[in-house]
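Below is one structure; the comments refer to it alone.
Keep in mind the model is a prediction, meaning the values are calculated, not measured. Start at 1 with the first residue, then count along the sequence.
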Amino acid sequence: MASLERTPTWAVATVCFLLILISISTEYLLHFLVKRFFSIKRRKSLRQALDNIKSELMLLGFVSLLLTVSEKGIANICIPKSLNHKFLPCHTINFNSTYFLEEPKCDSQGKASLLSRDGAKQVKYLIICLAFVHIFSSLLSYSLGIAKMRRWQSWEAKTRTLEYQFTTDPRRFQFARQTSFGKRHLKFWSDHHILRWPACFVRQFYESVSAADYLTLRHGFITAHLGEGTNFDFQKYITRALDNDFSVVVGISWWVWVFSVIFIFFSAHGFHSYLWLPFIPLLMLLLVGTKLQGIMTEMCLDSHEKSHVVRGTLLVRPSDHYFWLGRPKLLLYFIHFIFFQNSFQLAFFAWAWLKFGLRSCFQREIADLVIGVSVGVLVQFICGYVTLPLYALVAQMGSSMKKTVFTEGVVEGLRKWKGRAKKKVARRQRGQHGCDYNFSQSPPRTSVDAGVDSPPSFRLEATPMASVDYYGRLQLAGANNNKQYNNNNNSCSAAVSVNGDEDKLKGKKPIEEADQKSISLDAFDWANKIHRNFSRHAM
C-alpha cells in the first residue's frame with residue numbers, strides 16, 4: 001500500500017480538487033433551491049426542513065470525523081477476551097484466523113481491542129449509508145404526502161359551489177345519521193369499544209380520508225376558530241401544516257439516537273432480532289393511524305350525543321382531550337421516531353449487503369433480508385401516503401390553532417408592523433421628555449395597541465385624531481385643533497401641522513373628517529372580527 005510519499009502530487013491535487021468541487025456545487029445547489037423555489041413559493045417550513053437535513057449531515061460528518069481521529073485510540077483500548085466473545089453477530093467465529101489481528105499493545109497483554117481499526121472504518125460506512133437513506137426516504141415521504149393531498153384541492157373548490165352552500169344551509173334540518181360524515185362513522189360498531197378500534201384499524205388501508213371527513217373537519221375548524229361563513233382556504237393551510245410537520249420529522253433528536261444504539265446492540269445472535277425488530281416501526285405506525293381514525297369517530301359520536309338533529313351539516317368541536325395525554329403533537333413525535341428507525345433499519349440492511357454480501361452474520365438467510373426490506377418499504381409508503389397527511393388534517397382538531405394559519409406574507413407584514421410600532425413608541429417616549437401635548441378631545445376612533453412583548457390587540461377609546469408622518473412630525477386631523485404646550489414653554493423637536501396646511505403646500509390632499517370616520521369604522525369592524533376570533537387562541 002503506497003503512502004503519500006510515493007504518490008504523485010498531481011494525483012493528490014486532482015482528488016482534493018474534485019472533492020472540493022463537489023462540496024461547493026452541492027452547497028450552491030441548496031442555496032439555489034432555497035432562493036428559486038422555497039422563497040418564491042413562500043415555503044418557510046420547507047426551508048427549515050432543509051436546514052434540519054443540513055444539520056443532520058453536519059452531525060453525521062462530525063461523528064465520522066471523530067471516528068477517523070480517534071480510530072487508533074479506540075483500537076488501543078484493551079478488554080478481556082472473554083468479553084470480546086459475548087454478544088457476537090455470528091454464532092461461531094474462528095478467532096484464530098489471520099483476519100482477526102489485534103493491536104500490538106492488546107496482543108502483548110493477551111487481550112482484545114474494544115473496536116478494531118477495520119471495525120471503525122465499517123462504522124463510518126454505516127454512517128454514510130444512514131445519511132443517504134434518510135435523505136432519500138425524507139424526500140420520498142414528502143412527495144407521497146403532497147401527492148395524496150392534491151386530491152383535497154377539488155374538495156376545497158367544492159366549498160365555493162352553490163351545491164355545497166345549499167347542502168350546508170343552516171335553514172335545512174336533518175338527522176345526524178343522514179349526513180355524509182354520520183353515514184361513514186355512525187355504524188353499529190361505533191358504540192362498542194371492542195368493535196370500534198378494529199374497524200378504525202382496517203379503515204386506514206382504504207380511503208383513509210374521504211371527502212366527508214375533509215369537509216366536516218374543515219367546517220368544525222372554521223366555525224370554532226375563524227367564524228362561520230369565513231372564506232378560508234383550508235387546503236392551503238393543511239399544506240403549510242404538513243410542511244411544518246415535515247420539518248420536525250426529518251430532524252434527529254437525542255432520544256432517537258438512543259434507540260438506534262439499542263437497535264445495534266440487539267443485532268447480536270442470541271436475540272434473534274431479525275424476527276421481531278423490523279416489525280416495531282410497522283406496529284407503532286399502525287397504532288398511530290388507528291388512533292387518528294378513532295379521533296374522527298369519537299368527534300362524530302360526541303356531536304351525535306349532543307344533538308340527533310343538525311342544522312345544515314354535522315358540526316364537530318375541536319378539543320385536545322381526543323388526543324393522547326391531551327397533546328396533539330405527541331403523535332408527531334411517534335411519527336418522527338417511526339420514520340427515523342425505519343430509515344436506520346433500511347440503511348443497516350443496505351450496509352450489511354454492500355459490505356458482507358447477501359448472507360452474513362447480520363442476514364443469515366435470504367428470507368431475513370426480504371422480510372426486513374419489505375417491511376421497511378411498506379412502512380415508508382404508509383407513513384408518507386397515509387399517516388402523515390392524515391395527521392396533518394386531524395391534528396388541526398386540537399383546542400388551539402397553529403401559527404401556520406397565517407400565510408408567510410401576513411406573518412412578514414405583522415413582523416414589520418411590530419418593528420414600526422416599536423420605533424414609534426420609542427420616538428414618543430423620547431418626545432415626552434421634551435414637550436407634552438394637550439389636545440382637545442375628538443370623537444371615539446379605533447386605536448391599535450402596539451405591544452412590544454405581546455401580539456396586537458384592538459380597542460375602542462377616545463383619542464385625538466393624530467398621526468405621525470414620514471418625517472416624524474405629529475399630524476393632527478380636524479378643523480378646530482390648536483397647538484398647546486406644557487408649562488415652562490419647553491421647546492419640542494416635533495413640528496405640528498394643523499388642518500393639513502403643510503400637506504396642501506406640498507400638493508397633497510388632506511384627509512377629510514368624514515373620511516377619517518369612515519376609515520376608523522372600517523378598521524373597527526375588521527379589528528373587532530379579528531379580536532373576537534383570534535385573541536382567545538394560543539398561536
Side-chain angles (χ1 to χ4, degrees), residues 56-57 59-61 63-68 71 74-75 83-95 97-102 112-141 252 256-285 337-381 383:
E56 173 194 348
L57 293 177
L59 176 61
L60 295 176
V63 173
S64 179
L65 178 63
L66 285 179
L67 278 174
T68 302
E71 178 181 309
I74 295 175
L83 294 178
N84 194 34
H85 296 172
K86 295 181 179 180
F87 299 103
L88 294 173
C90 292
H91 180 61
T92 57
I93 297 179
N94 184 14
F95 288 94
S97 175
T98 57
Y99 181 78
F100 299 95
L101 297 178
E102 301 293 346
S113 299
L114 178 64
L115 182 65
S116 64
R117 297 188 183 187
D118 189 64
K121 293 179 181 179
Q122 293 174 358
V123 172
K124 287 188 290 184
Y125 293 143
L126 175 61
I127 292 175
I128 295 173
C129 289
L130 175 60
F132 278 101
V133 172
H134 188 55
I135 293 174
F136 177 76
S137 59
S138 300
L139 298 177
L140 180 61
S141 296
I252 299 179
V256 176
W257 280 109
V258 172
F259 284 98
S260 301
V261 174
I262 294 175
F263 173 82
I264 295 176
F265 174 77
F266 281 107
S267 298
H269 173 74
F271 296 107
H272 303 283
S273 59
Y274 56 92
L275 297 177
W276 55 273
L277 201 55
F279 296 94
I280 292 180
L282 178 61
L283 295 177
M284 293 182 63
L285 184 64
F337 170 78
I338 294 167
F339 187 79
F340 183 79
Q341 284 301 118
N342 186 68
S343 299
F344 187 85
Q345 292 187 18
L346 289 176
F348 191 84
F349 286 129
W351 166 76
W353 184 4
L354 294 175
K355 295 297 296 181
F356 305 102
L358 288 177
R359 299 186 63 178
S360 63
C361 294
F362 299 100
Q363 300 162 1
R364 297 165 184 81
E365 300 293 339
I366 300 297
D368 301 339
L369 178 63
V370 172
I371 292 175
V373 174
S374 301
V375 172
V377 173
L378 181 62
V379 170
Q380 189 73 37
F381 177 79
C383 183

| task | Identify the heavy atoms of E56 and A131 that sit nearest to each other, and give their distance. | result | OE2-CA, 4.5 Å
| query | Say you draw a straight line from SG of C129 to CZ of F344; how long is it, rounded to the nearest 0.5 Å? | reply | 11.0 Å
| remark: In short, salt bridge (charged side-chain N to carboxylate O under 4.0 Å, His left out) pairs touching residues 261-284 with sequence neighbours left out are none
| What are the two closest heavy atoms between L285 and V379, and how far apart are they? | CD2-O, 3.6 Å
| Rounded distance (nearest 0.5 Å) linking atom SG of C383 with atom CG of L378 | 11.0 Å
| note | Value for CD1 (I371) from CZ (F349), rounded to nearest 0.5 Å, stands at 9.5 Å
| field | Distance in Å, L282 CG paired with S374 OG, rounded so as to fall on 0.5 Å steps | value | 11.5 Å
| note | Here the pair of heavy atoms bringing L130 nearest to A347 is CA-CB, 3.6 Å
| request: Could you walk me through whether F348 and F263 pass the ring-ring contact (aromatic ring centres under 6.0 Å, His included) test, one step at a time? | output: CA-CA 10 Å; F348 191 84; F263 173 82; 5.4 Å; yes
| message | Quick check on the 6.0 Å ring-centre criterion: do W276 and F279 meet it? | response | no
| request: Rounded to the nearest 0.5 Å, what's the gap from NZ on K355 to OH on Y125? Could you check? | output: 5.0 Å
| message | Centroid separation under 6.0 Å, is that true for the rings of W257 and F340? | response | yes
| query | Does F339 have any ring-ring contact (aromatic ring centres under 6.0 Å, His included) partners at least two apart in sequence or in another chain, and if so, which? | reply | H134
| task | Using the side chain to side chain contact (heavy atoms under 4.5 Å, CB included) rule, take V63 and V123 through it: C-alpha gap first, then chi angles, then the decisive distance, then the call. | result | CA-CA 10 Å; V63 173; V123 172; over 6 Å; no
| said: For the backbone of G119 and the side chain of S116, can you confirm whether one donor and one acceptor N or O come within less than 3.5 Å of each other? | reply: yes
| query | For the residue pair P278 and Q345, what are the closest heavy atoms and their distance? | reply | CA-OE1, 3.1 Å
| message | Quick check: closest heavy atoms across L67 and I127, and the distance to 0.1 Å? | response | CD1-CD1, 4.0 Å
| query | What is the minimum heavy-atom distance between T68 and K124, and which atoms define it? | reply | OG1-NZ, 3.2 Å
| Got more than 12 heavy atoms from elsewhere within 6.0 Å of CZ, F271? | yes
| query | Does the side chain of I280 come within less than 4.5 Å of L283's, by heavy atoms? | reply | no
| Any residue meeting side chain to side chain donor-acceptor pair (under 3.5 Å) with S64, in chain and number order, not counting sequence neighbours | none
| field | L277 CG to F266 CZ distance, which is reported to the nearest 0.5 Å | value | 8.5 Å
| task | Would you sort out whether F136 and Q380 count as a side chain to side chain contact (heavy atoms under 4.5 Å, CB included), showing the intermediate values? | result | CA-CA 11 Å; F136 177 76; Q380 189 73 37; over 6 Å; no
